[in-house]
Amino acid sequence: MTNRVLITGGAGFIGSHTALVLLEQGYELVILDNFDNSNPKALDRVKDLAGSKALELVEGDVRDPTAVNRAFDNCGSVEGVIHFAGLKAVSESVTNPLRYWDVNVNGSRVLAATMEKRNFRTLVFSSTSTVYGEPENFPLHEEMPTVPVHPYAQTKLAVEQMLNALCRSGNWRIACLRYFNPVGAHPSGRIGEDPLGIPNNLFPFITQVAAGSRKKLNVFGSDYPTHDGTGVRDYLHVMDLAEAHSSTLNHLLKQTSPHQLTLNIGTGCGFSVLDVIRGFEEATGLSIPYQLVSRRPGDVPKLEACPQKAKNILGWSATRDLAQMCRDSWAWQRANPTGYRDVL
Ligand code: NAD
Ligand code: UFG
């Protein structure tokens, strides 16, 4: 075997940070991406940061068997596959569910079918904490019920189920990682999250307010049953998440028999929207004007992980705190006011 890894969606937010960590560990990478929500410049910067050229790009769609086969042809042989290519906007999944079933589920099916044909059976899959739906008991353990309440989470759970069935059917090694809320950026400020248009997510919105490109933050909901009435999430530094992927891959590669793993990837510490605003202001010395507005449809009051299983099995736990998430998000925004593009 080689030390080559195929990363689908490797030019995206989490994929680019994971690619950097793997290059630094000496892996050779082939990245399959159609740039639906990313920019090839991210990969140039990943190579610069790693001081490595061991990264090859195949531009193509994960739903297209020809493109997936082309990526595997370029690899020759792979040790493992990390599958990030997918869609993640909850509200878009409600208005356009078929797109989510197509990209997230059909894309994963095409990838897995191609892997099976070529006898590559080691896979790490990007799942989400939103598979838990609107839970009432915390922290969330992997064995707790999954009750997804929107098509985005439903498609991720469907892929988990498909992959679990594959594990039962044959000699696969598969990990489904349920990410909580990844934020932050590489501390160099060279790679980060680059949303198109008005950001949906809290951190990119806050950094754009800090930069003056948006007037104020709307805080969605102040009557949730949380410590200050605003929504609570388990925010996780994207570099910790990237390291969780390399730990997972290294763990799978050690397994000598079929292996199936589902893990929460979070810190175990929930912060409300107001906690995040205060944390950002303290970490950067900037002020974030905000107003309390009504709840955003589809939001749940709280999500908070129990990260113990990942610690027990992988020896991984998050090491970066909220202040570092805020500092690194801001460093990325300040250095790249228009992201990877020339204009916003
Ligand atoms: P992202 O949009 O930045 O990255 C996804 C990448 O996949 C992009 O480079 C995009 O161009 C590519 N892609 C999309 N559709 C494709 C297709 N059909 N063929 C090939 N490439 C395609 O998102 P991200 O935040 O890096 O998320 C990565 C994965 O993790 C996604 O599957 C997402 O659903 C999942 N996830 C993200 C979060 C989050 O909050 N960011 C949370 C839980 C799970
Ligand atoms: N929020 C605001 N104002 C904003 C944006 C968000 O108050 O402008 C609040 C939300 O109401 C929520 C919290 O900030 O209480 C976090 O919202 P995000 O949009 O940043 O994150 P979500 O938890 O809604 O969802 C994100 C990703 C999903 C992923 C999920 C769990 O968008 O793809 O985290 O990993 F599945």
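These numbers were taken from a predicted model, which means no experiment stands behind them. Ligands are counted one by one from 1 in listed order, and the atoms in each one are counted from 1 as well. Residue numbers run from 1 in the order of the sequence given.
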request  = Output, in order, the C-alpha distance, side-chain angles, deciding distance and verdict of side-chain contact (heavy atoms from CB on, under 4.5 Å) for Thr248 and Trp316.
outcome  = CA-CA 9 Å; Thr248 305; Trp316 171 92; over 6 Å; no
Where is the nearest protein heavy atom to [atom]: which residue, which atom, and how far?
atom                    : result
atom 19 (N) of ligand 1 : Val62 N, 2.9 Å
atom 1 (P) of ligand 1  : Asn37 ND2, 3.8 Å
atom 10 (C) of ligand 1 : Asp33 OD1, 3.5 Å
atom 26 (O) of ligand 1 : Ile14 N, 2.8 Å
atom 25 (O) of ligand 1 : Lys88 NZ, 2.7 Å
atom 4 (O) of ligand 1  : Gly12 CA, 3.4 Å
atom 18 (N) of ligand 1 : Asp61 OD1, 2.9 Å
atom 36 (N) of ligand 1 : Tyr152 OH, 3.4 Å

One line per pair, note the atom names and distance for all nitrogen or oxygen contacts under 3.5 Å between ligand 2 and the protein.
{"from": "ligand 2", "atom 1": "3 (N)", "to": "Asn218", "atom 2": "O", "distance (Å)": "2.8"}
{"from": "ligand 2", "atom 1": "7 (O)", "to": "Asn218", "atom 2": "O", "distance (Å)": "3.4"}
{"from": "ligand 2", "atom 1": "7 (O)", "to": "Phe220", "atom 2": "N", "distance (Å)": "2.9"}
{"from": "ligand 2", "atom 1": "11 (O)", "to": "Asp299", "atom 2": "OD2", "distance (Å)": "2.5"}
{"from": "ligand 2", "atom 1": "17 (O)", "to": "Arg296", "atom 2": "NH2", "distance (Å)": "3.4"}
{"from": "ligand 2", "atom 1": "19 (O)", "to": "Asn200", "atom 2": "O", "distance (Å)": "3.4"}
{"from": "ligand 2", "atom 1": "19 (O)", "to": "Asn201", "atom 2": "ND2", "distance (Å)": "2.9"}
{"from": "ligand 2", "atom 1": "19 (O)", "to": "Arg296", "atom 2": "NH2", "distance (Å)": "2.8"}
{"from": "ligand 2", "atom 1": "20 (O)", "to": "Leu202", "atom 2": "N", "distance (Å)": "2.9"}
{"from": "ligand 2", "atom 1": "21 (O)", "to": "Asn181", "atom 2": "ND2", "distance (Å)": "3.1"}
{"from": "ligand 2", "atom 1": "23 (O)", "to": "Asn181", "atom 2": "ND2", "distance (Å)": "3.0"}
{"from": "ligand 2", "atom 1": "23 (O)", "to": "Arg233", "atom 2": "NE", "distance (Å)": "2.7"}
{"from": "ligand 2", "atom 1": "24 (O)", "to": "Arg296", "atom 2": "NH2", "distance (Å)": "3.0"}
{"from": "ligand 2", "atom 1": "32 (O)", "to": "Asn201", "atom 2": "ND2", "distance (Å)": "2.8"}
{"from": "ligand 2", "atom 1": "33 (O)", "to": "Lys88", "atom 2": "O", "distance (Å)": "2.9"}
{"from": "ligand 2", "atom 1": "34 (O)", "to": "Asn181", "atom 2": "ND2", "distance (Å)": "3.3"}
{"from": "ligand 2", "atom 1": "35 (O)", "to": "Tyr179", "atom 2": "O", "distance (Å)": "3.1"}
{"from": "ligand 2", "atom 1": "35 (O)", "to": "Phe180", "atom 2": "O", "distance (Å)": "2.4"}

Any salt bridge between [X] and [Y], counting N to O under 4.0 Å?
X      : Y      : result
Arg118 : Asp73  : yes
Arg99  : Asp36  : yes
Asp234 : Lys302 : no
Arg341 : Asp194 : yes
Arg278 : Asp275 : yes
Glu304 : Arg233 : no

Ring center gap for Phe180 and Tyr235 short of 6.0 angstrom =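 No: the rings miss the under 6.0 Å criterion.
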request  = May I ask you to check whether His251 and His259 place their ring centers less than 6.0 Å from one another?
outcome  =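 Between His259 and His251, which both carry aromatic rings, the centre distance is below 6.0 Å.
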query = Is Asn34 close to ligand 1, meaning an N/O of one under 3.5 Å from an N/O of the other?
reply =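 Yes - when backbone and side-chain N and O of Asn34 are compared with those of ligand 1, one distance drops under 3.5 Å.
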From [atom], work out which of [options] has a heavy atom at the shortest distance.
atom                    : options                      : answer
atom 3 (O) of ligand 1  : Phe125, Phe203, Phe13        : Phe13
atom 28 (C) of ligand 1 : Tyr179, Tyr235, Phe35, Phe84 : Phe84
atom 38 (C) of ligand 1 : Gly60, Gly107, Pro182        : Pro182

For [X], take its heavy atoms, then give the atoms of ligand 1 lying under 4.0 Å from any of them.
X      : value
Ala11  : 9 (O)
Ser127 : 43 (C), 44 (C)
Ser126 : 29 (C), 30 (O), 32 (O), 35 (C)
Leu87  : 34 (O)

Contact between [X] and ligand 1, counting heavy atoms under 4.0 Å?
X      : result
Lys156 : yes
Asn104 : no
Asn181 : no

key: Plane angle bin for Phe84 and Tyr179 - parallel if under 30°, tilted between 30 and 60°, otherwise perpendicular   =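 If you compare the ring of Tyr179 with that of Phe84, the planes turn out tilted.
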task = Using modelled atom types only, decide if a donor and an acceptor are shared between the side chain of His186 and the backbone of Ser188 within a distance under 3.5 Å.
result =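 At least one qualifying donor-acceptor pair exists.
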ask   = Can you check whether Tyr340's main-chain N or O pairs, donor with acceptor, with Arg45's side chain at less than 3.5 Å?
value =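 No; judged by distance alone, with no hydrogens or angles, the pair does not exist.
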ask   = Considering residues at least two apart in sequence or located in another chain, which fulfil the side chain to side chain donor-acceptor pair (under 3.5 Å) criterion with Thr122?
value =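 Expected list: Arg173.
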task = Quick one: list whatever passes side chain to side chain donor-acceptor pair (under 3.5 Å) with Gln308, sequence neighbours left out.
result =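 With neighbours one apart ignored, the set is Asn312.
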Side chain to side chain contact (heavy atoms under 4.5 Å, CB included) partners for Thr319, two or more places apart =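 Listed in chain order: Asp240.
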query = So which of Lys47, Lys53, Arg4 actually passes salt bridge (charged side-chain N to carboxylate O under 4.0 Å, His left out) with Glu28?
reply =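 Option passing the salt bridge (charged side-chain N to carboxylate O under 4.0 Å, His left out) with Glu28: Arg4.
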ask   = Hey, is Ser129 touching ligand 1 through its side chain, its backbone, both or neither, going by heavy atoms under 4.0 Å?
value =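 No part of Ser129 is near ligand 1 at this cut-off.
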